[in-house]
> 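Quick one: structure below, then a few questions.
Here the structure is a predicted model, which means the values were calculated and not measured. Side chains included, hydrogens not; waters and symmetry mates left out as well; all remaining heavy atoms used. Residue numbers begin at 1 in each chain, while the letters A, B, ... track the order of the sequences.
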Amino acid sequence: MARSTPTDPPIDLLAPVQGEVSWFCCGTAWGPCSSTGKGACGTCNSGSLQHAWPNTSDACWAITRPDSCGVSLTRRTCGFRHRITALCTGASVVTAIADCGPQTDLFCGERSCCGATCASNRLIDLTPAAYTQIASLSSGLRPVEISTA
Amino acid sequence: MRSRRDVLKSAVLGGGAGVVAATALGSLGPEAAFAAQKSFATQQVEPGAPDPNFAEGRIRSIKDNTLLVLGSNMVFHTIRVVDGTSLWKLGPVPFDQAKPGDGLYARGVLMPDGILAAEAVWLNIVNIKGHIRNITSQTIHLDHNGQDVLCHVVAGKSVAVHSESPPTADLSMLKVSQHVQIMGAWRPDTNEVDIATVFSPH
């Protein structure tokens, strides 16, 4: 499949960007998560305030390819902090990058809403500890705004 | 006005009287609980650091309203459930649905004595992504990072969400080889999951 190069400038460079957030487990864990490692940064733990970002390296970008959904995101590396604000409630959390993800290209165009408030494309994944700061784990997927902290 | 967290805290500190106070709030479903009081709180924990008000692990034993949980990192957690605590196990459930062996995530308030006063407990909850390998009317075989996970459709519980469309109990639109996210309840010590929601991008 032909891939396009990222558009310039990235949409999150100068202003907050809206997208979908889900949650993922990492580090030592139970159940289907037990085979999950500590993530691309080697520090990821479900109980820490961390997140996965689709552009942490060339290798990461080659997997996640948000550009194939028409979204370009800035390269940010392990430990970089983002503020994630739930569009449903206004609750927010500041977290640090600990892994590469989500695989944005596999969910291109997906849109999640709460009421009339919606956002498209999976741009970030939170650890359970971080996700539960802004929503219930049982919600699974939520529209958020992502900004630098 | 006292927050829900304040009430949960007093429920543990104050024993029986506090539990009654928590009951006055009712046992909210997880979504309602978060919508009710998560807004605009000041973050106390450093980004990237472990959150002391959060716990994960598996239940080793249950005594009265207290869960003794062994974390996957081998740290023990004592989690106190009060009447205001929301519990989830494929949906909102009463406390008696918590069983030894269940995996869990819990959020609450860590008390000075080390007990976590639980605001919400999610039992066996998993949220996995993968390709659909096979579908029958009652099951979805999911390839999750090369691991085969057998996902069961549960009548009256399982729904599919196709992008922004409302949840539907009709899972017939899902196709073999497509990528999905399945949120559900793990069956302890198996590679099987009961489906709560299948998120499909289209």
> Sort Thr190(B) into side chain, backbone, both or neither according to what part of it lies under 4.5 angstrom from a heavy atom of chain A.
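No part of it gets close to chain A.
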> Would you mind checking which part of Thr95(A) comes under 4.5 Å of any heavy atom in chain B, side chain (CB onward), backbone (N, CA, C, O), both or neither?
backbone
> Given the options His162(B), His202(B), Gln181(B), Arg187(B), which has more heavy-atom pairs under 4.5 Å with chain A than any of the others?
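If we count pairs closer than 4.5 Å to chain A, Gln181(B) comes out on top.
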> Side chains of Asn127(B) and Ser22(A) only: does a donor on one sit below 3.5 Å from an acceptor on the other?
yes
> What part of Ala196(B) gets closer than 4.5 Å to chain A, counting heavy atoms only: side chain, backbone, both or neither?
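Neither part; nothing is under 4.5 Å.
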> Which of the residues Arg81(A), Glu20(A), His51(A), Gln50(A) is involved in the greatest number of heavy-atom pairs with chain B at under 4.5 angstrom?
Arg81(A)
> Check whether Val180(B) gets within reach of chain A through its side chain, its backbone, both or neither, counting any heavy atom under 4.5 Å.
backbone
> Look at Ala29(A), Pro32(A), Pro102(A) and state which one has the largest set of heavy-atom pairs under 4.5 Å with chain B.
Pro32(A)
> Using only the SG atoms, establish whether Cys33(A) and Cys26(A) come within less than 2.5 Å of one another.
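Their SG atoms do not fall under 2.5 Å; no disulfide, then.
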> Any idea which of Asp189(B), Ile125(B), Asn73(B) has the most non-hydrogen atom pairs under 4.5 angstrom with chain A?
Ile125(B)
> Just wondering, do Glu192(B) and Val149(B) contact through their side chains at under 4.5 Å, heavy atoms?
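Heavy-atom side-chain distance check fails, nothing below 4.5 Å.
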> So, Thr66(B) and Arg80(B): side-chain donor and acceptor under 3.5 Å apart, yes or no?
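Present: a donor and an acceptor within the cut-off.
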> Mind checking the NE2-NE2 spacing from His144(B) to His131(B)? Nearest 0.5 Å is all I need.
13.0 Å
> Quick one: which of Ser112(A), Gly27(A), Pro128(A), Cys113(A) has the most heavy-atom pairs under 4.5 Å with chain B, could you say?
Pro128(A)
> For Thr56(A) and Thr77(A), indicate whether the former's side chain and the latter's backbone hold a donor-acceptor pair under 3.5 Å.
no
> Hey, do the aromatic rings of Trp88(B) and Tyr105(B) have their centres closer than 6.0 Å?
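No; Tyr105(B) has its ring centre 6.0 Å or more from that of Trp88(B).
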> Any carboxylate oxygen within less than 4.0 angstrom of a Lys/Arg side-chain nitrogen, looking at Asp58(A) and Arg75(A)?
yes
> If you tally heavy-atom pairs under 4.5 Å against chain B, which of Cys44(A), Gly31(A), Cys88(A), Cys108(A) wins?
Gly31(A)
> For the interface with chain B, which of Ser48(A), Ala96(A), Cys25(A) has the highest count of heavy-atom pairs at distances below 4.5 Å?
Ser48(A)
> Which region of Leu104(B), side chain (C-beta onward) or backbone (N, CA, C, O), has a non-hydrogen atom less than 4.5 Å from a non-hydrogen atom of chain A, or is it both or neither?
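For Leu104(B), the backbone is the part near chain A, not the side chain.
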> Taking every heavy-atom pair that is under 4.5 Å apart, which of Pro143(A), Ser46(A), Gly109(A) has the most such pairs with chain B?
Ser46(A)
> Atom CG of Asp143(B) and atom NE2 of His179(B): how far apart are they, to the nearest 0.5 Å?
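Asp143(B) atom CG to His179(B) atom NE2 measures 9.5 Å (nearest 0.5 Å).
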> For the residue pair Ser136(A) and Trp122(B), confirm or rule out a side-chain donor-acceptor distance under 3.5 Å.
yes
> Relative to chain B, which segment of Asn121(A) carries a heavy atom at a distance below 4.5 Å: side chain, backbone, both, or neither?
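Neither; nothing under 4.5 Å.
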> Counting only non-hydrogen atoms closer than 4.5 Å, does Ala129(A) touch chain B with its backbone (N, CA, C, O), its side chain (CB onward), both, or neither?
both
